[in-house]
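Read through the structure below, which is laid out as C-alpha cells, and then see the notes.
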Amino acid sequence: ENDSTRLQALDTELKNLCATWGTWLLALDAEPQPFYRIDAFVWWDGGWRLTTGEITELGGSFLGWRDGPRVVFEAVLRSCFRDGALEAWEG
C-alpha cells in the first residue's frame, strides 16, 4: 500500500502529535526542555496508524551529529543552572 498521499498525511499527523506533546511539556514547566525525544510508530492495521511510543529527556541518538553531545548537554546544564544556582553552588 504505497500511498504518497497517506504518507504526507501521516507526516502532518506526526508533526501535530509532536507539537501537542511539546505543549504538554511546557504545561508541566514553563521553561522549555532543552532536549527531548518522541518515539512514534507507524503500522498497518487495515489502514495506516500512528501512535506515540515513548517521550524521554536525554534519550535521543545523535545519529552522526558530531557536535550533538556537546551542544545538547551544554544546553541541559545551562537549563539546570539558569536561575543563578550555579553561581550560588560555586560559592
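Under the 4.5 Å side-chain criterion, counting only non-hydrogen atoms from C-beta, Trp48 is not in contact with Leu7. Residues Leu17 and Thr52 meet the side-chain proximity criterion, which asks for heavy atoms closer than 4.5 Å.
Under the rule for a side-chain contact (heavy atoms from CB on, under 4.5 Å), the partners of Leu26 that lie at least two apart in sequence or sit in another chain are Pro32. Trp24 is linked by a ring pair (Phe, Tyr, Trp, His ring centres under 6.0 Å) to Trp21, counting only residues two or more places apart in sequence or in another chain. Partners of Thr51 by side-chain contact (heavy atoms from CB on, under 4.5 Å), not counting sequence neighbours, listed by chain and number: Phe41, Trp43. Residues satisfying the side-chain contact (heavy atoms from CB on, under 4.5 Å) criterion with Arg70, sequence neighbours excluded, are Asp67, Glu74. Among residues two or more places apart in sequence or in another chain, the side-chain contact (heavy atoms from CB on, under 4.5 Å) test is passed with Thr12 by Gln8, Asn16.
Closest non-hydrogen pair, Leu50 versus Ala40, comes out as CD1-CB, 4.0 Å.
Separation of atoms SG (Cys18) and CG (Leu25) is listed at 10.5 Å; rounding is to 0.5 Å.
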Pair Arg49-Glu13, salt bridge (Lys or Arg N to Asp or Glu O under 4.0 Å): steps then yes or no:
CA-CA 10 Å; Arg49 309 262 184 220; Glu13 188 177 339; over 6 Å; no
